Trainee: 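Questions regarding the structure given below will be posed in turn.
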Number of protein chains: 2
Amino acid sequence: MPTIKDVARLAGVTVTTVSRVLNNRGYISDATRQKVYQAMEELNYQPNEIARSLHRRKSKLIGLIIPTVSHPFFGELAGFIEYYAHLIGYKVLICNSLLDRKKEKEYIEMLKSNRVDGIIMGSHTLEVEEYMNLNYPIVTFDRRISEEIPYISSDNYGGGKLATHLLIQKGCKKIAHISGNLQLQLLANKRSQAFIELSKEHGIESVIVETDLNVFDITQYEAMIRNLLEKHPDIDGVFASSDVMAAYFIQIGYFLNRRIPEHIKIVGYDDIKLASLFVPPLTTIRQPIEEMAKCAVELIVKQVNEEPFERENVFPVELIERLTT
Amino acid sequence: MPTIKDVARLAGVTVTTVSRVLNNRGYISDATRQKVYQAMEELNYQPNEIARSLHRRKSKLIGLIIPTVSHPFFGELAGFIEYYAHLIGYKVLICNSLLDRKKEKEYIEMLKSNRVDGIIMGSHTLEVEEYMNLNYPIVTFDRRISEEIPYISSDNYGGGKLATHLLIQKGCKKIAHISGNLQLQLLANKRSQAFIELSKEHGIESVIVETDLNVFDITQYEAMIRNLLEKHPDIDGVFASSDVMAAYFIQIGYFLNRRIPEHIKIVGYDDIKLASLFVPPLTTIRQPIEEMAKCAVELIVKQVNEEPFERENVFPVELIERLTT
DNA sequence: TTTTTTATGTCAAACGATTGACATATTGAA
DNA sequence: TTCAATATGTCAATCGTTTGACATAAAAAA
């Protein structure tokens, strides 16, 4: 690979001049500029970003740690994060923690070693202190870690209320809620909280099931749901904490001959792209994934540039009523 | 951030010694080793991988260009690629081209500037020569570019045959095929080819529609499919070139009161995780996504290490018969 | 004509690590 | 006692780029 020296030699100038052209600094005549460009063209020269990063002490890299990009919600989130990062010249290193503590820790070390400019954490299996000692530009999704670290979430409580309220309003008598593991101190737990409070308030019978810590071990979902419906055959309303979980419900309902929405009404959460394609199309609580992604990138950049930023970034949710309610 | 010098100073040794500890070279007494480790611990030192990369001229980075990680197939693919890359100490830079030529080109330049060790191309909107001049360790998905560049694909022709054959065997009289844009010289086009040949061979009426070049502009799918069913209301079998397209079909069928599989049978392609959750669960052609991802990483590594490698990597597909046929 | 402005060059340090060549000192074994 | 193995140090180059300090010369403006 050609270096700046090769370009300088071919253009008949010094590296300083080439660097000036490259970085638009100081005085450069058009003639020289052209010569340099031509030499770069001829050699197919691309400045070595690694060397630049080393010198500038900025890598223009953002680390993204999520459970897995193959989960539709995180896939969409990652897509938007990369989109907005790219717009402003940042690159994205993806890390799929699979919600494994060891992996998550490894990834954090790795990202620091690689001197990424900031880390977006969408997976949190570690203890609060471990994040606090990080001393690095960070943004978290759905988890409040400390007074300093900014976080992004949707209005989980509001979403939980919307969902539960809709079920009640539609006449459900016994409702269930299926959530991720509640031990992972996520803000998403507020969805469950809203569910509990609202059903209590309205005197409606309710039941909650949660996954084990392997939240994304999708194989457990089916057994959980079948179990739930067996134990409580009179459930007529379900609030699922993600659209994927809702999909399981729809399907199991279909196999058990419970018609949706006639026998059981279902509300999901996220509004992934495929939610509208389910049969019947899923009623769900929409998180503004794109806006949240954009915000995450901005929060990193603001920290890098030492600009002021908001610590709490809670995004409004929206009830998307389709045909499962 | 502390440097190797800080560690050396604190441990009371020279940087050479620290480097020896770090890289396990030469003679080091246990006592010194401990001193060094302790100093690193105390300073929370992490070797600067950027400096290392510069010196080693290896970044341990793999660039991954795909249409978008938010598409389930590519999301799953990206997940596995990152998984296998991580296992052997490689990191993954994701790039969502959105099948935009300009973006794709930008990304390639960017990846080269960042001296990634190799590029996995799952998006190909450029001309063959542009890839050939790349002169870089590359692996492509689903496209044969030159005699040198290795590629990975599923047995598209076999898959097309399996799908078409199943429809015919189940008694369909008029079958349709909906595919991505055929101009993008992809190996996936062989699915269509098999469809055409087989239906001709069996004397079965058939019709093909393809998306425009914005293959992932999902909004066009619905109109396309509705259009198709309006023009050809007697279609009783569909082979969709991806599970997502099949999902559209299932749903539109549902809205038009065409029962599946009684009135229309549907076969998808990919076998994304959600395919089994569709209602009814989707019959599809399974691509071994994980194996393909693993192979992609291996092909990059082999090129980096200048080991011999296979140019053609065609993976067998499997018919997964569920309830839409 | 003199002064500025513009255009380029020279030189060298810095970013943070690795590494080779060589020197020196301490052990332990022969 | 002598030699080899072990342990560390010194020094400097290298990876590819940026940048500051300073010098010089030509062109443009005063």
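Here is the naming used below: chain letters follow the sequence lines, and residue numbers restart at 1 for every chain. Everything quoted here is computed from the prediction, not taken from an experiment.
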Trainee: Quick check: on DNA chain D, is the nucleotide nearest B:R115 upstream (toward 5') of the one nearest B:R33, or the reverse? Name the residue that is more 5'.
Mentor: B:R33
Trainee: Near A:K294 NZ, under 6.0 Å, is it more than 12 heavy atoms from other residues, nucleotides or ligands?
Mentor: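 No, because the 6.0 Å sphere around NZ of A:K294 holds 12 heavy atoms or fewer from other groups.
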Trainee: If you draw a 6.0 Å radius around CD in A:E310, do more than 12 non-hydrogen atoms from other residues or ligands fall strictly inside?
Mentor: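 Not more than 12 within 6.0 Å, no.
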Trainee: From CD of B:Q34 over to P of D:dA7, roughly how many Å is that when rounded to an integer?
Mentor: 14 Å
Trainee: Can you list, by residue number, the residues of residues 37-58 of chain B that have a non-hydrogen atom closer than 4.0 angstrom to DNA chain D?
Mentor: B:L54, B:H55, B:R57
Trainee: Please list, in numerical order, the residues of residues 3-15 of chain B that have a heavy atom closer than 4.0 Å to any atom of DNA chain C.
Mentor: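 Residues of residues 3-15 of chain B under 4.0 Å from DNA chain C: B:T3, B:I4.
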Trainee: Between atom NZ in B:K112 and atom C1' in D:dG16, what is the gap in whole Å?
Mentor: 17 Å
Trainee: D:dT17 P sits how many Å from A:L22 CG, rounded?
Mentor: 8 Å
Trainee: Tell me: CD1 of B:I28 to C1' of D:dT6, nearest whole Å?
Mentor: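 My rounded result for the distance is 11 Å.
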Trainee: To the nearest 0.5 Å, what is the distance between CZ on A:R57 and CG on A:L54?
Mentor: 9.0 Å
Trainee: Rounding to a whole Å, what distance do you find between B:Y27:OH and C:dG28:C1'?
Mentor: 13 Å
Trainee: CD of B:Q183: more than 12 outside heavy atoms within 6.0 angstrom?
Mentor: no
Trainee: Identify, with sequence neighbours excluded, every residue that meets side-chain hydrogen bond (donor to acceptor under 3.5 Å, both in side chains) alongside A:E306.
Mentor: none
Trainee: What I want to find out is whether A:E312 reaches A:R144 closely enough, with some N-O distance under 4.0 Å, to be called a salt bridge.
Mentor: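 Salt bridge present between A:E312 and A:R144.
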Trainee: Want to settle it: does B:R20 or A:V18 sit nearer the 5' end of DNA chain C, counting the closest nucleotide to each?
Mentor: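 Nearest-nucleotide comparison on DNA chain C picks A:V18.
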Trainee: Rounded to whole Å, please give me the gap between CG in B:D30 and C1' in C:dT27.
Mentor: 15 Å
Trainee: What pair of heavy atoms forms the shortest contact from B:Y131 to B:I149, and how long is it?
Mentor: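 What the structure gives for the nearest pair is O-CD1, 4.2 Å.
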Trainee: Testing the 3.5 Å rule here: is there a donor-acceptor pair between the side chains of A:E106 and B:H86?
Mentor: yes
Trainee: Under 4.0 Å, heavy atoms only, any strand: does B:S19 hit a base, just the sugar-phosphate, or nothing?
Mentor: base
Trainee: Examine C:dG9: is either OP1 or OP2 under 4.0 Å from a nitrogen or oxygen in the side chain of A:T17? Give yes or no.
Mentor: yes
Trainee: Find the distance A:N114:CG to C:dG16:P and express it as a whole number of Å.
Mentor: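 That distance rounds to 15 Å.
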Trainee: Give one of base, sugar-phosphate or nothing for A:S29, where a contact means two heavy atoms less than 4.0 Å apart.
Mentor: sugar-phosphate
Trainee: Should the heavy atoms of other residues, nucleotides or ligands under 6.0 Å from CZ of B:F80 be counted, would the total exceed 12?
Mentor: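 Atom CZ in B:F80 is crowded, with more than 12 foreign heavy atoms closer than 6.0 Å.
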